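Presented below is the structure to which this report refers.
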Amino acid sequence: MNDKHYQERPDAELMRQWRHELHQNPEIGFELPRTSAMVAKLLEGWGYEVTKGLAETGVVGRMSFGDPAKGPVIGMRADMDALPITEATGLPYASTTPGAMHACGHDGHTAMLLGGAELMARRAAAGELVGNGTVVLIFQPAEEVGGSDSGAQRMIKEGLFEKFPCDAVFGIHNGPTEEEGHMHFRPGAFMCSSDTVTLRFKGSASHGATPHLARDAALAMSATVLALHSIVSRNLNPLDTGILSIGKLSSGTVFNVIPGEAELVLAVRALRPEVAARIHERIAEVTHAQAAAYGCTAEIETDYGYPSVFNDPAVTNLAIATARRLFGEEVVEPEAEPVTASEDFAFYGLSRPSAFFILGNGVSGHRDGKPIGHVSVHNPHYDFNDKILPLGAEYWAGLAEDAFQQGALK
Ligand SMILES: [Zn+2]
Ligand SMILES: [Zn+2]
């Protein structure tokens, strides 16, 4: 089915060219001058009203159809940023910038939404796109940066939804393990939140020969490592999803000094905000108690990153219906497993009813230009699959048509 789709669409080749152009010239974080200029120019060429400069290099394209007052305003989001990774696919269109690579498929997300934009404009001009409403195409930078200042957060802070009051926002991520062209949806909690916690232990140092004169911060840290691992197993409901991973332990300088300071850095993830809150509460109790037990003190610093992605059920059901209509029941999974990774799409969901879902990428790994089976995103061998580009474009246009014709979501 996907081969057929690919061959039948005259614009599939065009989308492939945009994707390769983006892939060859990856840009990172908020600094996407080349990428955003390309997106803005294409949108303007198709008659979109284009706003530049939100979150530095974010681009928003708006177009209305029929009588917009009678229909919904539908937000569609693509992320445009690459990762600080050196590419190892060996593909002819591999990154020409060492240390920068589209290893999460955001080149494909951008090309698919551009393809959808072109298709909607073309169908409207031919009188084929009937119904009332407005599309707001949100091309954002800096999804991959993590923490409390990412592209979505900055665009919202700089007035995205005041300038473009969307009734609903949709986002697609390519799926590295899902079959080519399959679509996976999940109403409700879908992706985990992600926070970083730093624990600093203070005791007092001493000569290694006189432990009775020390308050050993390394020992307090070590006891805390073990105690922290009881939180998920003993303080969470086993049916809830929560993760506590200790990524960095540091203390000491030399063999004959007992350290007076030590530091742990942890990642906390959870599918629901209440679960994340419970983990943070227990981290504080466990850390202070362990530090005190070894005569030390502890300071806790928490950087709240991306919240969990929550898919509004009504919005997600509309997205599922469009996928079934366009591609058939057999490639649509309406109750997919939740995902433990995080996404800054979550911030759109805090402001507007939203739905985030997966379009299967199929075989994604390449070495020396040849397929090597599945690899995960953020892997130097990852590549977005060109064959799903026309599916994505078709999907975006179909979603707008369904929302406009049903007058849904307004
Ligand atoms: Zn990523
Ligand atoms: Zn991504």
Side-chain angles (χ1 to χ4, degrees), residues 19 22-23 26-32 35-36 39 55 57-58 76-89 95 97 99-114 138-147 149-155 169-178 183-186 190-196 243 245 247 267 269 305-309 311 336 338-349 354-362 364-366 374-386 388-389 392 395-396:
R19 216 272 296 174
L22 294 166
H23 194 89
E27 297 177 303
I28 293 174
F30 288 95
E31 297 294 308
L32 319 175
T35 307
S36 62
V39 167
T57 51
M76 300 175 174
R77 175 271 209 167
D79 39 12
M80 304 187 285
D81 58 321
L83 283 152
I85 291 175
T86 294
E87 181 156 356
T89 62
S95 167
T97 311
M101 176 193 177
H102 272 293
C104 202
H106 298 183
D107 49 345
H109 301 166
T110 303
M112 287 194 301
L113 189 53
L114 285 171
I138 304 163
F139 291 88
Q140 73 155 83
E143 191 287 319
E144 297 286 8
V145 297
D149 183 30
S150 67
Q153 291 170 81
R154 211 140 0 128
M155 286 187 84
V169 182
F170 298 84
I172 300 179
H173 206 290
N174 70 102
T177 54
E178 287 80 4
M183 294 194 78
H184 287 226
F185 299 86
R186 182 179 180 85
F190 181 45
M191 294 179 75
C192 284
S193 56
S194 172
D195 304 323
T196 309
I243 304 168
S245 296
R269 291 174 183 269
Y306 300 171
S308 47
V309 171
N311 286 332
V339 178
T340 55
S342 62
E343 243 289 342
D344 89 334
F345 185 86
F347 290 100
Y348 300 113
S354 69
F356 192 66
F357 37 91
I358 305 289
L359 175 59
N361 194 57
S364 48
H366 286 78
H374 290 282
V375 295
S376 75
V377 288
H378 295 207
N379 180 299
H381 297 282
Y382 193 77
D383 190 38
F384 187 91
N385 181 350
D386 288 326
I388 66 173
L389 289 170
Y395 183 81
W396 281 128

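Numbering of ligands and ligand atoms starts at 1, following listing order. All of these numbers come straight from a predicted model, not from anything done at the bench.
- Taking 2.8 Å as the threshold, E144 counts as a candidate ligand of the Zn ion (ligand 1), since one of its N, O or S atoms lies below it.
- Around the Zn ion (ligand 2), the angle linking C104 (SG) with H173 (NE2) is 100°, rounded to 10 degrees.
- P176 places a side-chain heavy atom less than 4.5 Å from the side chain of Y382.
- For the Zn ion (ligand 1), the set of nearby N, O or S atoms under 2.8 Å includes none belonging to H106.
- By the 6.0 Å and 45° rule, R19 does not stack over the aromatic ring of F384.
- Within H378, the N, O or S atom at minimum distance from the Zn ion (ligand 1) carries the name NE2.
- Ring-centre distance between Y395 and F357: below the 6.0 Å cut-off.
- In this structure, H106 has its ring center closer than 6.0 angstrom to the ring center of H173.
- Among the atoms of H109, no N, O or S atom falls under 2.8 Å of the Zn ion (ligand 2).
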- side chain to side chain donor-acceptor pair (under 3.5 Å) between H23 and E87, worked out: CA-CA 10 Å; H23 194 89; E87 181 156 356; 2.9 Å; yes
